[in-house]
Amino acid sequence: MSEDIKEAASRKASKATFLQTLSAVLWSFFGVRKGKSHSEDMQKLNPVHVIIVGLLAAAGFVIGLLVLVNFVVSSA
């Protein structure tokens, strides 16, 4: 199993750009993916990059919610 992860992390054939990785992560947050797009992403995306972008997106979402709540509470 660890060999599969190492192999996937070292993909160099057709790299995905940062925006493609971000797009795939945001669509997964939303919960909607087409089968064809998912298959293409599995070939292109580096799992390490997906994890990093996923953590950053989750942190951004939480910070955005905190800012929104503080804004609503302070204006009331």
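Remark: the backbone N or O of N70 is paired with a side-chain donor or acceptor of S74 at under 3.5 angstrom.
Scored by the side-chain contact (heavy atoms from CB on, under 4.5 Å) test, I52 finds V48, L56 as partners (sequence neighbours excluded). Looking at residues two or more places apart in sequence or on another chain, you find a side-chain contact (heavy atoms from CB on, under 4.5 Å) between F61 and L65. Applying the side-chain contact (heavy atoms from CB on, under 4.5 Å) rule to V53 yields the partners F18, T21, L22, V25; only residues at least two apart in sequence or on another chain are considered.
The only member of V72, V73, L66 that meets side chain to side chain contact (heavy atoms under 4.5 Å, CB included) when paired with V69 is V73.
Q20 has its side chain within reach of K44: a pair of non-hydrogen atoms, C-beta onward, lies under 4.5 Å apart.
L55 and L45 sit in two unconnected hydrophobic clusters of ILVMFWY residues. Membership requires side-chain heavy atoms under 4.5 Å apart, directly or through other members. Hydrophobic clustering keeps V62 apart from F29 (ILVMFWY residues linked when any side-chain heavy atoms are closer than 4.5 Å, directly or through intermediates).
Taking CG of N46 as the reference point, atom CD1 of I51 lies at 9.0 Å (rounded to 0.5 Å).
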